[in-house]
Amino acid sequence: MDTQTLKNDIITKELIFDEYPVLRALYGERGSYFKILENYFRVQISLKGNHVFIKGEPIDSELAERALEELYNLIKAGYNLYPSDVEYASKVILENPQTKLKDIFLDTVFVTSGKKVITPKGITQKKYIEAIRKNEIVFGIGPAGTGKTYLAVAMAISYLIKGEVNRIILVRPAVEAGEKLGFLPGDIAEKVNPYLRPLYDALYDMLSFDKVVRLFQKGAIEIAPLAFMRGRTLNEAFIILDEAQNTTSEQMKMFLTRLGQNSKAVITGDITQIDLPDPKKSGLLEAIEILEEIKGIAFVYFTKHDVVRHPIVQKIIEAYEKKEKNL
C-alpha cells in the first residue's frame, strides 16, 4: 500500500510493509541499504515504524519504490541480502523496472563449501546461466569483472556434483600481455601455472582445498593449456575455455571440435583485450562471425554495466573506452 503527495514536481510516497523483521533486514545496518538505494535512485528514503517514505522526482520515486518492494519480497522468500546485492538489484531495476528480482537472485547455481550461495547478479548473468543450461556450446563475451568465468566454473562444478558430467576441464591459451612461456622459469607445469591461476582461484572459492585436491587426484578436474588439447575427444565433460580472445583461428577450431558425447563447452573472452601479435586473427572474433547461426551454440554479450566487481572497475572500463574513442 502506498500514498503520495505532490509539491513542485517532488513527491513523497508512503509505503507500508507488513513484516517488520523483514523490513529491518531491508533497512540494513544503520540504514546502509537505504543509503545505497538513495544514491542509485536519487531520492531520500526514511523509515518510521513499518512505514517507508520516499521523497524525490516522480520517475525516480517510482523506481525506488519498485526496488524496495522487490528486495522486500526477496528477503521474505529467504534470501540473505548483502550490500553488493542491493547495488546489483538497483542496476537491474534501472535497466528493466519490470524485472522480478526473485527470478534472478533465487536461481541457485551452486552452494559453496562455505555455504555461500552463487546466483546470477543481473539480467545478463541470468541469460548466461540459462544459455549454458540449454545449449551445448556457449560463448560469454565481455569485459573483465562481469562474472563470465566465475559463473562458468560454478555451473561446471554443479554439473559434476549432480553427476551430469564425469569431469571438468579448464583450458586457457598461454598468451598474455606479450609475455612468452619460454622466458618463464621452471618446467612446463611451472611455466603455465601463472596463466591458469584465475581458474584455480575460482575453484578454491567454491570448494574446500581438500575437496579440490581430491578431485584433481581422481582426474575429475583437469586444468590444461590450450595446446595440450590437440588430438583429444572429450566425452561427458564440462569444458571451459577462458581468455578465448587470445586463441588463433586454428586453435579455436581445434578446441571446438574436441567436444564429444554428452559434453558442454563454455568459451569466455574479452575482445577488447586481445594480446595476439595480430589481433584481427583472434579465433574468438572469427567464431562470432561464422558460428552465430548454428543451433546449439549461444552467444551472450556482457557490457560494462554488467560488472560485478568493485564499482570502480566499471569507471576504469569507461575511462579506457573514452580514450580509445578519442584516438
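As a basis for the values below, the full set of heavy atoms in this structure was taken, side chains included, without hydrogen atoms, waters or symmetry mates.
A search for salt bridge (charged side-chain N to carboxylate O under 4.0 Å, His left out) contacts involving K55 returns nothing, not counting sequence neighbours. D270 is linked by a salt bridge (charged side-chain N to carboxylate O under 4.0 Å, His left out) to nothing, counting only residues two or more places apart in sequence or in another chain.
Across all non-hydrogen atoms, the minimal contact from K121 to Y88 is O-CB, 3.4 Å. The two atoms that bring I297 and F299 nearest to each other are CG2-CE1, 3.7 Å, heavy atoms only.
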Return a table of donor-acceptor pairs under 3.5 angstrom between the side chains of residues 212-231 and protein atoms on other chains or two or more places apart.
residue	atom	partner	partner atom	Å
E222	OE1	R232	NH2	3.1
E222	OE2	R232	NH1	2.7

Less than 3.5 Å apart, which donor and acceptor atoms pair up between the side chains of residues 259-267 and the rest of the protein, not counting sequence neighbours?
residue	atom	partner	partner atom	Å
S263	OG	L234	O	2.7
S263	OG	E236	N	3.0
S263	OG	A237	N	3.0
S263	OG	A237	O	3.4
S263	OG	Q261	O	3.4
K264	NZ	I132	O	2.7
K264	NZ	N135	O	2.7

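For K253 and E286, the salt-bridge test fails: no basic side-chain N is under 4.0 Å from an acidic carboxylate O.
Y150 and D205 share a side-chain donor-acceptor pair at under 3.5 Å.
Listed by first and then second residue, the salt bridge (charged side-chain N to carboxylate O under 4.0 Å, His left out) pairs involving residues 151-168 amount to none (not counting sequence neighbours). Sorted by first then second residue, the ring pair (Phe, Tyr, Trp, His ring centres under 6.0 Å) pairs that include residues 250-273, not counting sequence neighbours, number zero.
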Chi angles and distances behind the side chain to side chain donor-acceptor pair (under 3.5 Å) call for S282, Q245 | CA-CA 6 Å; S282 166; Q245 73 274 9; over 6 Å; no
Output, in order, the C-alpha distance, side-chain angles, deciding distance and verdict of side chain to side chain donor-acceptor pair (under 3.5 Å) for D242 and T268.
-> CA-CA 5 Å; D242 192 34; T268 67; 2.6 Å; yes
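Between R133 and Y159 the shortest side-chain heavy-atom distance falls below 4.5 Å.
A distance-only check finds a donor-acceptor pair linking the side chain of T303 to the backbone of H305 [under 3.5 Å].
No continuous path of hydrophobic side-chain contacts links Y204 to V111 [ILVMFWY only; heavy atoms under 4.5 Å]. Under the 4.5 Å side-chain heavy-atom criterion for ILVMFWY residues, no single connected hydrophobic cluster contains both F53 and V22.
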